[in-house]
Amino acid sequence: MALNKVCLLRPALSQAVTAQLRPRLGLVSSRIPHHLLQQSPSTCPPAPPQVCFYATKKSKVKAKAQASKVSIKASLVEDIISLEEVQGDMASVLDSLKDDFSRNLNIRTAPGALDHITVSTADGKFPLNQLGQISMKSPQLIIVNMTSSPEATAAATRALRESSMKLNPEVEGTIIRVPVPKVTREHRENLAKLAKQFSNKAKESLRRVRANAVNQLKKSKEGTSEDTVRLIEKQIQQMMDNHIADIDKQLTVKTKELLG
C-alpha cells in the first residue's frame, strides 16, 4: 500500500524539484559570458578556403603541342618515302644559312671574308681565292692580286660589286682594291636586315623541301592507308617546324651580334 502511494506521488515530487532548481540554473547561466554561451562545444575553426590551380594559356598550348607530336621510325615507311633524306635536305638548308651568316655578315673584316665570292668566267664559276691572291693592306683596305688570272679581273670586280657585302672595288691593272665599309650604326642595321633576308630565304627553301616530300608521298601512297599517309605528312610538317624554330634562333643570335 505504501509503495503504491510513493508511485502516485513521484510526478508531483519531480515537478517540485524542477521548480526549486530552475532559478539556480538561470543564475549560473547568467554568470557565463554571453559569447561563450553562443558557441557550441563542438564548434571548429572555419576550414581554409580551397585553392584551385588553373592551367595557364601557355601551359595549355605546350601540352597540346606535345600531345600532337608524332614519331615515326624511318625504317617503317622507307618503302613509301625516305624521311632520312627529307631530314638531310632540311639540315642542308640550315647549314647553308649558318654559312651565309658567317661569311657575309661579319663586323670584323678579314681576307677570308671574300673567299666565298664566286666569279663567273668563260671557263665556269670559281671562288675568288682560286683566281687571285687576297690580302689585307690595312684594316680599311683589302687587296686582290689577279696577276695569276688577269683575264678574270673584270669578272672578279663585277662579282665583288654585286655581292651582298655592298663593296665598291677599284681596279688598277690586275690589282683590285676593296675599301672596307666603316662599321657605323647604319652599316650594322643593314647587316641585320640582310640577316633577316637570308633567314626568310632559308624558310622558303624548307617549304620547298616539304612540298616536294608531300608530292612524292602522294605519288607513292597507293596501297597505303590514309591514316599512315596523314601521320607521315604530320611528321614532315613537324620536321619543317623544328628547322624553322632553329632558323629563328640563329637569326636572334646573329641580330644581337650585329647590332651590338
Side-chain angles (χ1 to χ4, degrees), residues 61 65-66 68-107 109 112-121 124-130 155 158-167 187-221 224 228-259:
V61 172
Q66 291 178 347
S68 62
K69 286 184 178 180
V70 297
S71 180
I72 302 175
K73 290 185 178 180
S75 59
L76 298 179
V77 295
E78 59 184 3
D79 56 333
I80 305 173
I81 190 173
S82 176
L83 291 179
E84 292 181 352
E85 183 177 343
V86 176
Q87 175 72 18
D89 291 341
M90 291 185 178
S92 296
V93 172
L94 186 60
D95 291 340
S96 297
L97 177 65
K98 293 178 181 179
D99 188 60
D100 285 335
F101 279 178
S102 63
R103 289 178 177 272
N104 297 331
L105 304 177
N106 285 323
I107 295 298
T109 305
L114 304 182
D115 290 349
H116 71 285
I117 293 179
T118 302
V119 181
S120 298
T121 67
K125 296 182 178 181
F126 302 92
L128 179 61
N129 60 357
Q130 290 186 9
R158 183 170 56 254
L160 287 165
R161 187 174 290 113
E162 294 176 354
S163 71
S164 59
M165 299 179 67
K166 299 184 180 299
L167 301 174
H187 180 58
R188 289 177 177 270
E189 292 176 352
N190 288 335
L191 291 178
K193 291 178 181 178
L194 192 57
K196 180 67 173 178
Q197 294 176 10
F198 283 148
S199 64
N200 288 338
K201 289 181 179 179
K203 290 180 181 180
E204 291 175 2
S205 298
L206 285 178
R207 295 186 184 100
R208 284 195 296 269
V209 172
R210 176 194 171 277
N212 292 336
V214 171
N215 289 335
Q216 179 184 349
L217 177 62
K218 290 180 179 179
K219 291 179 181 179
S220 59
K221 70 177 184 179
T224 306
T228 301
V229 172
R230 282 196 296 268
L231 285 175
I232 296 175
E233 287 183 354
K234 196 171 185 179
Q235 178 76 26
I236 295 173
Q237 179 68 41
Q238 186 173 295
M239 292 162 60
M240 187 189 75
D241 292 342
N242 291 339
H243 281 82
I244 286 180
D246 288 338
I247 288 176
D248 290 336
K249 290 179 182 178
Q250 293 292 330
L251 177 61
T252 299
V253 173
K254 193 63 181 181
T255 301
K256 185 177 180 180
E257 172 191 331
L258 293 173
L259 296 180

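Computed from a predicted structure; not experimentally measured.
- With rounding to the nearest 0.5 Å, the separation of CD1 in I247 from NZ in K201 is 13.5 Å.
- Contact check for Q235 versus Q87: no side-chain heavy atoms found under the 4.5 Å cut-off.
- Annotation for A202 and V93: closest pair O-CG1, 3.3 Å, computed over non-hydrogen atoms.
- Remark: Q238 CD to L231 CG distance equals 10.5 Å, nearest 0.5 Å.
- Scored by the salt bridge (charged side-chain N to carboxylate O under 4.0 Å, His left out) test, R230 finds E226, D227 as partners (sequence neighbours excluded).
- Checked against salt bridge (charged side-chain N to carboxylate O under 4.0 Å, His left out), E189 has the following partners two or more places apart in sequence or in another chain: R185.
- For R158, the side chain to side chain donor-acceptor pair (under 3.5 Å) criterion is met by no residue, not counting sequence neighbours.
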Start with the C-alpha distance between V229 and L217, add both sets of side-chain angles, then the distance that settles side chain to side chain contact (heavy atoms under 4.5 Å, CB included), and finish with yes or no. CA-CA 8 Å; V229 172; L217 177 62; 4.0 Å; yes
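- In this structure, I236 and I81 have side chains that are in contact, with non-hydrogen atoms separated by less than 4.5 Å.
- Applying the side chain to side chain contact (heavy atoms under 4.5 Å, CB included) rule to K196 yields the partners S199, N200, L251; only residues at least two apart in sequence or on another chain are considered.
- The side chain to side chain donor-acceptor pair (under 3.5 Å) pairs that include a residue from residues 91-101 are D99-R103, where partners are two or more places apart or lie in different chains.
- The shortest distance between side-chain heavy atoms of L114 and N129 does not fall below 4.5 Å.
- Considering only residues two or more places apart in sequence or on other chains, D241 meets the side chain to side chain contact (heavy atoms under 4.5 Å, CB included) condition with Q237.
- Side-chain contact between T228 and I232 is present, with heavy atoms from C-beta onward closer than 4.5 Å.
- Distance check, rounded to the nearest 0.5 Å: CG of L167 to CD1 of I117 gives 6.0 Å.
- Applying the salt bridge (charged side-chain N to carboxylate O under 4.0 Å, His left out) test to residues at least two apart or on different chains, the pairs with a partner in residues 243-254 are K203-D248, K254-E257.
- Residues passing the side chain to side chain contact (heavy atoms under 4.5 Å, CB included) test with K125, sequence neighbours excluded: T118, S120.
- Of all non-hydrogen atoms in H243 and M90, the two that sit nearest each other are CD2-O, 3.5 Å.
- Contact record, A159 with V119: CB-CG2, 4.1 Å, taken as the closest heavy-atom pair.
- Going from atom OG1 of T255 over to atom CZ of F101 covers 7.0 Å, rounded to the nearest 0.5 Å.
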